[in-house]
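To start, the structure under review is shown below, and the notes come after it.
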There are 2 protein chains.
Amino acid sequence: MLRLSTETRQAQIKEAVLEIISTEGLAKLSTKNLAAKVGVSEGAIYRHFKSKKDILLSIIEDVYTNLVVNQKEIANSEMVSSIKLYTFFCKQIQYLIHNKGITILLFSEATHTNDSILKEKLLKILKAQKTLLKQIVAEGISNGSWNKSIDINDFATLYMGIPVILNIEMVLNKENFNHEEFCNRMFSLLERILKP
Amino acid sequence: MLRLSTETRQAQIKEAVLEIISTEGLAKLSTKNLAAKVGVSEGAIYRHFKSKKDILLSIIEDVYTNLVVNQKEIANSEMVSSIKLYTFFCKQIQYLIHNKGITILLFSEATHTNDSILKEKLLKILKAQKTLLKQIVAEGISNGSWNKSIDINDFATLYMGIPVILNIEMVLNKENFNHEEFCNRMFSLLERILKP
DNA sequence: AATATATGTGAGTAATCGCTTACAAAAGTA
DNA sequence: TACTTTTGTAAGCGATTACTCACATATATT
């Protein structure tokens, strides 16, 4: 029997979680199914994570370190406002496209389990992204790039709907959804809102 | 013991489903919990619905007859384009606010169960709404109310994100989310996109 | 080489799931 | 009133869930 380090197995397990979610749906995310996908017994899963919830929490933390931290750097960079927003937005979209199960896990599981820790972590990510976004827009308004009269909070709410609807379209329209130009097309609509 | 007609019980059961979803989360939507909420035994539930899935399907059909049919009338009415879109949009938002569990049920359950019939019904609603929306926008463009250069499909995608993010905000920010002016605030952003 | 530690397995656990069944009794009908 | 139909209950069904445990063996350490 093959033996691998905890770090390697943890990565494998988390990868398997996202694959199951995006291809088979959240309902199929049982520990039995997960173990089969990784190619180990159920007991082995519990060698590397203390509970199923712990796996999900670890994945959510990955989102923070792999996406939000990156977005933070973009928000604090020296780019021109419109390019900064575009880069920020596309980073998010591309991350979601390459980690298809993430949004479902975040939103669906949070509303499904009503688990307070899970919700807290999700809220932390959402609030961080919203804060960064508002910072970018406020900066663009104050330097004259964008219209002074738009409400930053409302814009942020509208913005946050895009990643979610992207994921829903990917799940429901699996085959014929074209997400290559999705980022550019949506950004051009956002720009129309912001322009003076 | 109290005896009520099937029609009354079905309505009670469907109401209880939405209440459980919006207050306790989808995970708590067990037949046991549901029966307790209605105030009957589990067996009684199965007197009035042949399966749990049947209850959910019936709720989804209610969305069609109570919301989509109504939106269809608005789309085919004689209103001025901007007022038509506003009415169409607000009808949808208000329906979701008064039926808090609906969006979670629709999107979360569809991605959760991977059930084909459920997905089909959901897609039917989404596509109907999208088609009506595109019809309204196309009409507004052709009569000169709105900008010719905007892509109707992209606009529809952006639009559909709003109801979803509304529901997520309601679930996650239960107390401090103000949805009274939500409709007006979001609509003013949509108008900025459409204006010539 | 001897020992300790880390990673694996297979068979189990109690709890919960959606759902069924045998039976009781209220409401409708003759 | 006698009978049928409808609506209810209590108990329990097999299946599945997340998870545990006794045990085996590969790897690291001494």
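The figures here come from the full heavy-atom set of this structure, side chains too, leaving out hydrogens, waters and symmetry mates. Reminder, nothing fancy here: chain letters follow the sequence lines and each chain counts from 1.
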(message) Expressed as a whole number of angstroms, how long is the span from A:N33:CG to D:dC19:P?
(response) 15 Å
(message) Contact list please: residues 15-30 of chain B against DNA chain C, heavy atoms, distance less than 4.0 Å, in numerical order.
(response) B:L29, B:S30
(message) Is B:H48 close enough to D:dG8 that one of its side-chain N or O atoms is under 4.0 Å from OP1 or OP2 there?
(response) yes
(message) Rounding to an integer number of Å, can you tell me how far B:I13 CD1 sits from D:dT7 C1'?
(response) 12 Å
(message) Whole angstroms only, please: what is the CD-P distance between B:E42 and C:dG18?
(response) 8 Å
(message) Reading DNA chain D from 5' onward, which residue's closest nucleotide shows up sooner: B:V40 or A:S51?
(response) B:V40
(message) Check whether A:S22 reaches the backbone of A:L18 with its side chain - one donor and one acceptor, N or O, closer than 3.5 Å.
(response) yes
(message) Just to verify, which of A:K121, A:K52, A:K53 counts as forming a salt bridge (charged side-chain N to carboxylate O under 4.0 Å, His left out) with A:D115?
(response) A:K53
(request) Could you check which of C:dC17, C:dG8, D:dA18 has an atom nearest any side-chain atom of A:R9? (result) C:dG8
(message) According to side-chain hydrogen bond (donor to acceptor under 3.5 Å, both in side chains), does anything in residues 95-105 of chain B pair up with another residue at least two apart or in another chain? List the pairs.
(response) B:T103-B:N167
(request) State whether B:K14 and B:E61 are salt-bridged, where the test is any N-O pair (Lys NZ or Arg NE/NH1/NH2 against Asp/Glu carboxylate O) under 4.0 Å. (result) no
(message) Under a 4.0 Å threshold between the charged nitrogen and the carboxylate oxygen, would A:E139 count as salt-bridged to A:K84?
(response) yes
(request) Look at the side-chain N and O atoms of A:T6 and state whether any lies under 4.0 Å from the OP1 or OP2 oxygen of C:dT7. (result) yes
(request) Using a 4.0 Å heavy-atom cut-off across all strands, classify B:L2 as base, sugar-phosphate, or nothing. (result) sugar-phosphate
(message) Rounded to whole Å, how long is the line connecting atom NZ of B:K32 with atom C1' of D:dA11?
(response) 13 Å
(request) Answer yes when B:E169 and A:K130 have at least one side-chain N-carboxylate O distance shorter than 4.0 Å, and no when they do not. (result) yes
(message) Distance check needed: C:dC19 C1' versus B:L56 CG, whole Å only.
(response) 15 Å
(request) Anything under 30° is parallel, anything over 60° is perpendicular, the rest tilted; go ahead and classify B:Y159 against B:F88. (result) tilted
(request) Would you confirm whether A:S145, through its side chain, and A:I141, through its main-chain N or O, come within 3.5 Å as a donor-acceptor pair? (result) no
(request) Heavy atoms under 4.0 Å is the rule here; annotate nucleotides 21-30 of chain C 5' to 3' with B where the base is hit, S where only the sugar-phosphate is, and - elsewhere. (result) --B-BB----
(request) Output yes when a side-chain donor or acceptor of A:T87 lies under 3.5 Å from a complementary backbone atom of A:I83, and no otherwise. (result) yes
(message) If the cut-off is 4.0 Å, is A:Y46 near the phosphate of D:dC19, judged by side-chain N/O to OP1 or OP2?
(response) yes
(message) Please report the distance, rounded to the nearest Å, between CD1 in A:I45 and P in C:dA11.
(response) 18 Å
